[in-house]
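Quick note on labels: first sequence line is chain A, next is B, and so on, each numbered from 1.
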2 protein chains.
Amino acid sequence: MSTIKDVAAQAGVSISTVSRVINHPDSVVPVKRQAVLAAMQALDYRPNSLARALVSQRSDCVGLVVGEIDSPFFAQLMAGVHRVLLDAGKHVIVTAGYHQAEQERESIRFLLERRCDALIVHAKALPEEELAALLKGSTPVVLINHLLPEFEERCVYLDNEEGAYLATRHLLSRGHRRIGYIGSNRGIEDGADRERGYQRALAEFGLEADRKDQVRAFPDEAGGHDAMAEVLRRSPDLTAVFAYNDAMAGGAINMLKDSGYAVPEQLSVVGFDDVILARLLSPRLTTVRYPIGEMGALAAQLVLHDLEERFPAVEQPRRFTPRLIERHSVRQVSPDAN
Amino acid sequence: MSTIKDVAAQAGVSISTVSRVINHPDSVVPVKRQAVLAAMQALDYRPNSLARALVSQRSDCVGLVVGEIDSPFFAQLMAGVHRVLLDAGKHVIVTAGYHQAEQERESIRFLLERRCDALIVHAKALPEEELAALLKGSTPVVLINHLLPEFEERCVYLDNEEGAYLATRHLLSRGHRRIGYIGSNRGIEDGADRERGYQRALAEFGLEADRKDQVRAFPDEAGGHDAMAEVLRRSPDLTAVFAYNDAMAGGAINMLKDSGYAVPEQLSVVGFDDVILARLLSPRLTTVRYPIGEMGALAAQLVLHDLEERFPAVEQPRRFTPRLIERHSVRQVSPDAN
DNA sequence: AAGTGATTTGAAAACGTTTTCAAGTGGTGC
DNA sequence: GCACCACTTGAAAACGTTTTCAAATCACTT
């Protein structure tokens, strides 16, 4: 691969001049500029961005750590971040933590070693002190979905409790009184927050969350399927179920239909996230919209402002509030029928 | 951020020694090694991978160009590549071409400038000459889903025609004789290949593909919805439909149900890709499995072998053959009933 | 005691850029 | 015809590493 030296030689100028036509084209006289351009073309020259970043101390890259690469949820996050960063001429390097502290640590280390100008991190397994230490470092970081009170303005997050509350309230307002919860067994905060929201809504109606109405499983389709079976076994009189996420809700719905239950006629289901899937399920899933794409975009704007003054500070609050999306998986029921 | 010099100073050794404890720990005497390790710890030292890559001429990164970042299909591709590369100690930089030549070109340029050791490229918009030129370059490249006869062993691809043939044959074998095709309007080869497969199957049964039974639309849920409506308007007597991908099939199914059609009782549907969605739709979608994750893994093994001899050459054929996955969206029909 | 060979070390060159600085060029105003 | 200035240019330093090479050290052998 040809270097700046080759180009300089071929064009009969110094390497400084070549560098200048790359970075400040106007500062070199047209005839030489043309010669350099021609030489670059002829040699298929590509500036070595490593060398460039090394001396200029900026790579124009921002690193993104997601939970996993192949999930519709994180796909939306990546897309949101990508969109605003690409427009700004930055590039994104994506890395996955796979929900394990060690992998998350390794991902962050990789990105830092690669000298990303900033990091956007979704890491739930790492201890808070480690995250705090990261925030304190010299590389700007914004955290997704992990509120560190100490660094509130650097955290973009969703009010999970409110989301679960909304979902449960919706079920309650439709007359349901026996409502199960299909949760995640991944020991992360979201889970606890959502359970709290579920319980709060129940409490408002004078109901108490029964432990046997709550089952945790791996937060995917299969987990939803199994959890649904289990919760139904334990509490056959449930009229509705709130699921930790849409994939679990989908699995639950499948399980129900397979067992001859009609959804929502016999059992109502509410999901969480509003991934594409929700619109494709049948019945179309009533769910809580998780604006993860917009959250990614906000995080991107935050780091953009850190990186260059030409990007305005963002005034928008970092806390996002979820919204209930009503579709067809919930049915009105008479509370007295229970 | 501290450098190797700082570490050397703090440990009272030369930078060569520090470099050695990083790269060949056994070659430095234990007492100094400990001192260096301690200094690194104390200073939170992280080797600058840019500098390292610059001198050693290898970045341990492979670049991956996908069609778009937020699609379940490409998510599987990324995951497959990621899995084998991470195990081998390599890192992956992902970039999206968004199905536009200019974006694809830019993505490749970025990856090349960043001095990735190898590239895995899924690009359908770029002209073949450009791809061929890329393959001829000094950086090892493997192409996904784009067969360049000139570089056959560098191309990992699916036999699209066979897939469509399988799907249509399945419908035919279940008695269907009036079969519509919901295609993609993105002018890429896959589309043409799949149409050919569809026509070939039809021809084997002495049927001719009627132009009015074929509608093209944007290959997503909404496109599938609209195309289904259109094809039904044109040819109300269809008993089955083959869709370009699962998302379109999902949209089509939704459209059908909304209009009061029962699936598969009144109309059978077959998809393509077998993304997660297919299992969650109801009825569960009969579809053609696109082993894109495995294809990504194969591509990764190919580049691994290019990069280091310790990775074995891969003997496996580069051409993947799709497989029909029977689920519940196709119904047996009596051919004579038409 | 001196020589041998193996081990450990540091100095310096190299990787491919950008940037600073000073020198060179040519034009302008008097 | 000369001083001044603006513009353009090249040499060289710097970025943070790895690696080569030769020097230094050390333990043995004779």
>> Can you give me the closest heavy-atom contact between Cys116(A) and Gly63(A), atom names plus distance?
In response: SG-N, 3.6 Å
> Which angle, to the nearest 10 degrees, lies between the helix axes at the two ends of the helix from dA1(C)-dT30(D) to dC30(C)-dG1(D), each defined by five pairs?
Replying inline: 50°
>> For Phe110(A) and His91(B), take the angle between the two ring planes, folded into 0 to 90°, and tell me which bin it lands in: parallel under 30, tilted 30 to 60, perpendicular over 60.
In response: parallel
> Do Asn145(B) and Tyr290(B) have side-chain N/O donor and acceptor atoms under 3.5 Å apart?
Replying inline: yes
> Is any side-chain N or O of Lys32(B) closer than 4.0 Å to OP1 or OP2 of dT9(C)?
Replying inline: yes
> Are any of Thr17(B)'s side-chain N or O atoms less than 4.0 Å away from OP1 or OP2 of dG10(C)?
Replying inline: yes
> How far apart are the closest heavy atoms of Tyr157(A) and Cys155(A), and which atoms are they?
Replying inline: CD2-O, 3.5 Å
> For nucleotides 13-24 of chain D, read 5' to 3', which letter fits each nucleotide if B means a protein heavy atom sits under 4.0 Å from the base, S means only the sugar-phosphate is that close, and - means neither?
Replying inline: --BBBBBB----
>> Just to verify, which of Ile120(A), Val303(A), Leu134(A), Leu302(A) counts as forming a side-chain contact (heavy atoms from CB on, under 4.5 Å) with Val141(A)?
In response: Leu134(A)
> Is Glu153(A) atom CD crowded by more than 12 heavy atoms from other residues, nucleotides or ligands, each under 6.0 Å away?
Replying inline: yes
> Is any NZ, NE, NH1 or NH2 atom of the basic residue among Arg154(B) and Asp306(B) found under 4.0 Å from an Asp or Glu carboxylate oxygen of the other?
Replying inline: yes
> What residues, two or more places apart in sequence or in another chain, satisfy side chain to side chain contact (heavy atoms under 4.5 Å, CB included) together with Asn48(A)?
Replying inline: Leu50(A), Ala51(A), Leu54(B), Arg115(B)
